[in-house]
Amino acid sequence: MSNITKLAKTIKNPPKAKSQWTLGTVKEISPLTIALYGGEVMASTADILKITATLFGYKWLGGETVLCLVGKSKIIAVDRVV
């Protein structure tokens, strides 16, 4: 099984652990704010949202989908979903 297949299966069926993957939607550009779980959670770079180095210089657009890793005390935007 390839690494891509393993990642896809993990995202589809996350393990019952301290963190999990989810999709978010960009709601605001400055500060970058991502809505998770249908808007129940709003994460902003001003508080708990962190972004990877790959996404640091990216020009965000409202409504874009973002793959996020959700932990106990922070949310990490991992990559843009195309």
Side-chain angles (χ1 to χ4, degrees):
M1 183 179 323
S2 74
N3 287 339
I4 302 255
T5 303
K6 286 179 187 176
L7 177 60
K9 286 185 176 190
T10 301
I11 291 169
K12 187 172 180 181
N13 298 307
K16 304 298 182 208
K18 296 178 183 176
S19 63
Q20 69 181 48
W21 297 96
T22 190
L23 294 177
T25 304
V26 175
K27 291 297 180 186
E28 290 185 37
I29 306 303
S30 183
L32 178 62
T33 303
I34 296 176
L36 302 155
Y37 306 113
E40 289 182 37
V41 176
M42 300 296 280
S44 169
T45 50
D47 52 25
I48 63 171
L49 180 66
K50 307 296 179 199
I51 60 173
T52 61
T54 306
L55 296 177
F56 184 73
Y58 182 72
K59 304 292 184 217
W60 294 99
L61 300 173
E64 286 188 294
T65 303
V66 182
L67 179 65
C68 297
L69 177 61
V70 180
K72 283 186 173 182
S73 61
K74 63 183 162 189
I75 297 168
I76 301 171
V78 177
D79 204 352
R80 180 176 65 110
V81 178
V82 292

Problem - Within one Ile-Leu-Val-Met-Phe-Trp-Tyr cluster: L32 and L61, side-chain cutoff 4.5 Å - result: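 The answer is no; the residues belong to distinct hydrophobic clusters.
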Exercise for the section: Could you pull out the closest heavy-atom pair between I29 and W60, with the gap in Å? Expected result: CD1-O, 3.5 Å
Practice task
Determine the minimum heavy-atom distance between L55 and A77, stating which atoms define it.
Solution key: CD1-O, 3.5 Å
Any side-chain heavy-atom pair from [X] and [Y] closer than 4.5 angstrom?
{"X": "L36", "Y": "I75", "value": "yes"}
{"X": "I76", "Y": "T52", "value": "yes"}
{"X": "T33", "Y": "L49", "value": "no"}

Practice task
Can you tell me which residue pairs pass the salt bridge (Lys or Arg N to Asp or Glu O under 4.0 Å) test with a partner in residues 32-50, sequence neighbours excluded?
Solution key: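 Residue pairs passing salt bridge (Lys or Arg N to Asp or Glu O under 4.0 Å), neighbours aside: none found.
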Exercise for the section: Could you list all the ring-ring contact (aromatic ring centres under 6.0 Å, His included) pairs where at least one residue sits in residues 22-48, not counting sequence neighbours? Expected result: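 As it turns out, there is no ring-ring contact (aromatic ring centres under 6.0 Å, His included) pair with a partner in residues 22-48 once direct neighbours are skipped.
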Practice task
Starting at CE of M42, measure out to OG1 of T25 and round the result to the nearest 0.5 Å.
Solution key: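 Separation between the atoms: 9.5 Å.
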Problem - E28 side, atom CD; I34 side, atom CD1 - distance, nearest 0.5 Å - result: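 One gets 11.5 Å once the value is rounded to the nearest 0.5 Å.
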Problem - Worked check of side chain to side chain contact (heavy atoms under 4.5 Å, CB included) between V66 and L23 - result: CA-CA 6 Å; V66 182; L23 294 177; over 6 Å; no
Exercise for the section: Check salt bridge (Lys or Arg N to Asp or Glu O under 4.0 Å) between E64 and all other residues, then give those that pass, not counting sequence neighbours. Expected result: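 Partners of E64 under the salt bridge (Lys or Arg N to Asp or Glu O under 4.0 Å) test: R80.
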